[in-house]
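Worth knowing before you read on, the calculation uses all heavy atoms, side chains too, and leaves out hydrogens, waters and symmetry mates. Because the structure is a prediction, the values reported are computed rather than measured. Counting convention: from 1, in listed order, for ligands and their atoms alike.
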Amino acid sequence: MNIRSFLIIFAMSSLLHSEENFGIVVHGGAGVMSGLSEERQQQIHKKIQETVSEAYEILEKGGSSFDAVELAVSMLEDSPLFNAGRGSVYNSDEVQEMDASIMDGKNRLSGAVASVSTVKNPIKLARKVAEETKHVLLVGEGAERFARDIGVDIVDRNYFYHEERLKRLLNSKNKISKLNENADKIGTVGAVALDKNGNISAATSTGGMTNKMPGRVGDSPIIGSGTWAQNGVCGVSSTGHGEFFIKYQVAREVCVRIEYLNEELSDAAESIINELNDLEASGGLISIDHKGNISAPFNTKGMIRGSQTNKTDLISKIY
Ligand code: ASP
């Protein structure tokens, strides 16, 4: 082999190598988290680690980031520990109304559902909206009818029954415990991932906020606010006071700063969370850029989160 071909092969292999960065980051909501017992913290760590490692395995085997984020979010929806799917909080009518969205950064394919009450995994339905309809967002009865038509798992409302969440609703209505009100602001779930082909995806799912008005929809199913994914730039999943996240288009804002202002991911992510802090809007976000860098800022006492990339070990953190 002459020196020229050696150099070409060497350059190509290092280029390919740099394109192979991949990883996943998940969150389980941001909040005060002051009432979490040691035992509960251990349960949370275990679930987050299990979720990250299963989603990471998909990426390691060359699978898509879209599959990885859907799996991660559906695993967290199945756990009563988080405010999504099984552990969703109650609205003022004592009903659990759930919202979710998913986005593929390769082609901006997006799907979302809002105010569903009998869909076992709202994130799976959101993906079906993206892939099987001409629409982006389906709500309420129409979304549930679509779930039945397409064969997505429907469960009895009792499946979501959660004694602790119900107590918190009653406390919140009676304004008995300020601590419990704060504790409710945790638990929305989300995931963002970069796969070996450079595709970025993001997904978010929530029961919303305790004692919300029936029909209230937060940022989680809003593409650009709760969820955003854009190949070559970044992917974001948000958690926090949804009304602010909608008004400040938080998820897209992070990517816009990178795209137009050439900011680093951590600067872009931190600046929007600081801006929200100045408005007394609590929350946080997880994000990954096209190089596999991760940033997960929050302005609350804690944010449940975990990650693993081809360059960094599996971690899970609460505070
Ligand atoms: N962002 C969610 C909502 O407003 C709640 C949360 O993330 O805690 O519905």
Side-chain angles (χ1 to χ4, degrees), residues 25-36 44 48 73 76-77 79 81-92 95-102 112-117 122-123 126 137 139-140 160 162 165 168-169 172 180-192 202-228 236-254 269 272-273 276-277 279-287 296-305 318:
V25 48
V26 308
H27 73 78
V32 174
M33 323 244 174
S34 48
L36 290 180
I44 290 171
I48 291 288
V73 167
L76 298 173
E77 284 177 338
S79 165
L81 291 169
F82 307 99
N83 170 19
R86 189 146 202 198
S88 290
V89 298
Y90 289 85
N91 71 14
S92 58
V95 173
Q96 287 140 307
E97 289 184 327
M98 299 165 283
D99 308 330
S101 64
I102 188 165
V113 294
S115 293
V116 293
S117 296
I123 199 66
L137 172 61
V139 305
F160 300 103
H162 199 301
R165 304 265 195 258
R168 283 185 187 157
L169 169 69
S172 160
N180 279 343
E181 265 180 39
N182 288 332
D184 276 329
K185 290 183 191 142
I186 70 165
T188 289
V189 306
V192 295
T204 312
S205 181
T206 189
M209 293 172 85
T210 296
N211 205 13
K212 64 186 180 181
M213 286 174 70
R216 177 266 186 187
V217 175
D219 60 313
S220 307
I222 308 297
I223 298 296
S225 298
T227 301
W228 184 258
V236 178
S237 169
S238 314
T239 172
H241 196 148
E243 281 69 11
F244 287 93
F245 280 71
I246 292 174
K247 288 187 276 191
Y248 287 81
Q249 287 282 290
V250 171
R252 170 107 170 101
E253 172 79 11
V254 176
I272 182 72
I273 293 301
L276 290 173
N277 198 41
L279 300 162
E280 295 184 13
S282 63
L285 61 86
I286 53 168
S287 55
F298 49 94
N299 62 24
T300 45
K301 283 242 167 68
M303 181 172 78
I304 297 166
R305 62 209 185 276
I318 297 179

Task: Residue portion contacting ligand 1 (non-hydrogen atoms closer than 4.0 Å) for S238 - done: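 No part of S238 is near ligand 1 at this cut-off.
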TODO: Would you kindly specify which portion of H27 sits under 4.0 Å from ligand 1, judged on non-hydrogen atoms: side chain, backbone, both or neither?
DONE: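 Near ligand 1, H27 shows nothing, with every heavy atom at 4.0 Å or more.
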Open item on the list: Restricting to side chain to side chain contact (heavy atoms under 4.5 Å, CB included), what partner residues turn up for A114, sequence neighbours left out?
Closed with: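 Partners of A114 by the side chain to side chain contact (heavy atoms under 4.5 Å, CB included) criterion, ordered by chain and then number, come out as D99, L137, V139, V217, P221.
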Task: Test item, G29 contacting ligand 1 (heavy atom, 4.0 angstrom) - done: no
TODO: Mark the output for E243 as yes if a heavy-atom distance to ligand 1 is under 4.0 Å, and as no if none is.
DONE: no
Under 3.5 Å between any N/O of [X] and any N/O of ligand 1: does that happen in this structure?
{"X": "T188", "answer": "yes"}
{"X": "G242", "answer": "yes"}
{"X": "D219", "answer": "yes"}
{"X": "D99", "answer": "no"}

Open item on the list: Against T204, only a single residue in S237, S225, S220 fulfils side-chain hydrogen bond (donor to acceptor under 3.5 Å, both in side chains); can you say which?
Closed with: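 Going through S237, S225, S220 one by one, the side-chain hydrogen bond (donor to acceptor under 3.5 Å, both in side chains) with T204 is satisfied by S237 alone.
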Heavy-atom distance under 4.5 Å between the side chains of [X] and [Y], does that happen here?
{"X": "H27", "Y": "T188", "answer": "yes"}
{"X": "T206", "Y": "N83", "answer": "yes"}
{"X": "L276", "Y": "F245", "answer": "yes"}

- [ ] Look only at the side chain of D219 and the backbone of H241, and say whether a donor-acceptor pair between them is shorter than 3.5 Å.
- [x] no
